[in-house]
Every structure is written in structure tokens, then in C-alpha cells.
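Report on one structure; see the data block that follows.
Note that ligands are numbered from 1 as they come in the structure, with each ligand's atoms numbered from 1 the same way.
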Amino acid sequence: MIEAEFWDYDSAEEMASAVAGDVGFIIESALDARGNAMLALPGGTTPGPIYSKLVKADLNWKKVTIIPGDERLVPMDNELSNVRALAKVFLPAGARVIPVTGDIKDHKLAGNSADARLQDLPWPPDLVWLGMGEDGHTASIFAGPDLPDALDAPKARRMVGVMPDPLPTEAPVARVTLTRAAILSARTLLIVIKGQQKRDMLEQAIEDGQSSKLPIGRVLAECDQPIDIHWCP
Ligand code: 6PG
């Protein structure tokens, strides 16, 4: 059974301060221990206000490398691009924000290329931060024909390409995503979600474990480290 601790907040603002504080601490500890830090961060709407607080932390950002934990296959100047959102916030502070995709349209090839890029980075990441969609996806591990690739890729594989089915309405495009093994290899894992519906869904997914029908349940079922889940209504 996965060891998950829920941290509840009354408001998004309160949650943003707490999570920014925790992530700042994770970065600082990595810098102290190894002289650099590597984070895989999510897209979506929830993290924006938290990133804005985090980037104000007095840290040696030049030693911090940030990758998107998943990316939508759109040009980098498209507003759906996750690395674009990360670069906007963290590049001005001096962090190294690394794109994982280029112009490749085919999602399988894009997945191979993203994996090759990540093989050049120091591994494991100090943090993989996950969100969750209303359909129970996490990172870009979605229901669909490529779900087994993302869940059961060999341990050394870091990213794969996926075509969600059905396509999510908020960004109906193919993706690349960290694999389950890559997510679970992180030194620290945290989840940040908003809303009662997601809370209920996630609690159920954790309870169902391996038999969960939701991608996030299947990912967490193999997690053997404690995980903090931050939540606000
Ligand atoms: C993405 C994500 C995705 C996201 C969830 C939650 O790029 O689509 O990384 O996994 O975290 O869909 O998104 P919200 O924060 O908008 O609810």
C-alpha cells in the first residue's frame, strides 16, 4: 500500500505558499548535497501561481535544471507548450530550462528523441512534481493505445510518445511523457491537485492500487517511497 500523506489547505493561495516553500527546500537540499538540482515539472493550470512564488526564492538558480515532465507536441511558441510556460517563469531567474521536443510530429519518434535528450542529463531528478487531470491522467500518462508503453517501459527508458484516446479537451494533441519508471525513480515525488472531485478520485485510485482503471492509480501502485499530496478545494 502506498504511503501517501495529504496536506490540506483552505485556499489556493495558502497551498501555493506551502508548496513553493517545500520545493524551495528540495532545491536547496540538492544544491547543498550535490551542487546542482534537477526538477521535472508539470504543465496544466494548477502550478502557475506556485511557480510564481517559487521563483522568488533566494536560490542559486543557475545550478537548477528544469525539464517538463511531459510535453504537448506543439511548436514551442504555442501557448499549449509546457516548456514555454516553464521558460517564461524560470529562465529570467537564471535556471536552465530544457525542451524535450523539437519539430517531430510523429509521437513515437518524438518520444524516442525526448528520451535521447534526457539520457544526456544527470539522473534521477531531485523532484518529479505531478498533477492529475479529471480523467485520472498524470504527467501525460493517459488512457489509450500507448498506456502500456508509458507504464511498462524498461527501467532505463525515461520518456515515451503517447497519443491519448480520447484526446483531452484542454489540449487535444499527442504528447511525450516521463514513463512510470522514470517518475518513480525521482528522489522526491509530490502531487498537487485542486477540487473535491479530484481528491475523491485520487483517494480511490490509491486504494485500488494495481487494479485501478486510472493511469495515476497504476503509476502510484508501484511507488515505494512516501509521497506528499497537496490539496485545496
Ligand atoms: C499536462 C500535464 C498534466 C496536468 C494535469 C492537471 O501538461 O497536461 O502535465 O498532467 O498536470 O492535466 O492539470 P491542471 O493543473 O490544469 O488541472
Side-chain angles (χ1 to χ4, degrees), residues 9 11-13 15-16 19-20 23 39-54 66-76 78-90 97-101 107 110-111 114 118 125 127-144 146-147 150-151 158-180 182-184 186 189-202 205 212 214-220 223 227-233:
Y9 307 94
S11 66
E13 169 101 59
M15 181 166 81
V19 176
V23 175
L39 319 176
L41 300 183
T45 53
T46 309
I50 313 177
Y51 294 160
S52 304
K53 280 192 195 278
L54 173 62
I66 296 174
I67 58 163
D70 66 310
E71 183 60 286
R72 292 97 177 254
L73 292 192
V74 293
M76 230 174 290
N78 185 300
E79 61 179 29
L80 291 179
S81 160
N82 285 343
V83 80
R84 175 178 181 265
L86 292 169
K88 260 178 132 173
V89 181
F90 294 105
V97 180
I98 301 193
V100 292
T101 54
H107 64 277
L118 295 199
L127 170 70
V128 172
W129 164 347
L130 298 170
M132 184 187 86
E134 276 163 15
D135 55 2
H137 76 263
T138 192
S140 276
I141 304 189
F142 279 89
D146 304 310
L147 180 65
L151 290 180
R158 295 177 183 167
M159 278 203 161
V160 292
V162 299
M163 179 65 82
D165 183 14
L167 282 172
T169 47
E170 71 278 11
V173 292
R175 322 284 189 100
V176 297
T177 184
L178 288 176
T179 62
R180 168 162 66 179
I183 290 171
L184 298 182
L189 272 175
L190 67 83
I191 298 179
V192 184
I193 55 166
K194 270 166 76 174
Q196 193 60 48
Q197 197 200 337
K198 284 190 184 176
R199 167 75 183 247
D200 296 344
M201 206 177 205
L202 184 52
S212 173
L214 302 180
I216 196 162
R218 303 287 304 285
V219 169
L220 296 182
C223 180
I227 178 163
D228 285 331
I229 301 174
H230 298 267
W231 175 82
C232 76

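- Residues V100 and E71 come closest through the heavy atom pair CG2-CB, 3.8 Å.
- By the 4.5 Å heavy-atom criterion applied to side chains, D70 and V162 are not counted as neighbours.
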Between ligand 1 and the protein, which N/O pairs are shorter than 3.5 Å?
unit_1	atom_1	unit_2	atom_2	d
ligand 1	7 (O)	D70	OD2	2.9
ligand 1	7 (O)	R72	NE	3.0
ligand 1	7 (O)	R72	NH2	3.4
ligand 1	7 (O)	N82	ND2	2.7
ligand 1	8 (O)	R72	NE	3.4
ligand 1	8 (O)	R72	NH2	3.0
ligand 1	8 (O)	R175	NH1	3.2
ligand 1	9 (O)	G43	N	3.1
ligand 1	9 (O)	D70	OD1	2.7
ligand 1	9 (O)	D70	OD2	3.2
ligand 1	10 (O)	H137	NE2	3.4
ligand 1	10 (O)	A139	N	3.3
ligand 1	10 (O)	A139	O	2.6
ligand 1	12 (O)	H137	NE2	2.8
ligand 1	15 (O)	T45	N	3.2
ligand 1	15 (O)	T46	N	2.9
ligand 1	15 (O)	T46	OG1	2.5
ligand 1	16 (O)	T45	N	2.7
ligand 1	16 (O)	T45	OG1	2.7
ligand 1	17 (O)	K198	NZ	2.7

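- In this view, D228 and W7 satisfy the side chain to side chain donor-acceptor pair (under 3.5 Å) rule, not counting sequence neighbours.
- When every heavy atom of V176 is checked against every heavy atom of L73, the shortest pair comes out as CG1-CD2, 4.1 Å.
- Using a 4.0 Å cut-off between charged nitrogen and carboxylate oxygen, R72 and E79 do not count as a salt-bridge pair.
- The closest side-chain heavy-atom distance from L220 to I191 is below 4.5 Å.
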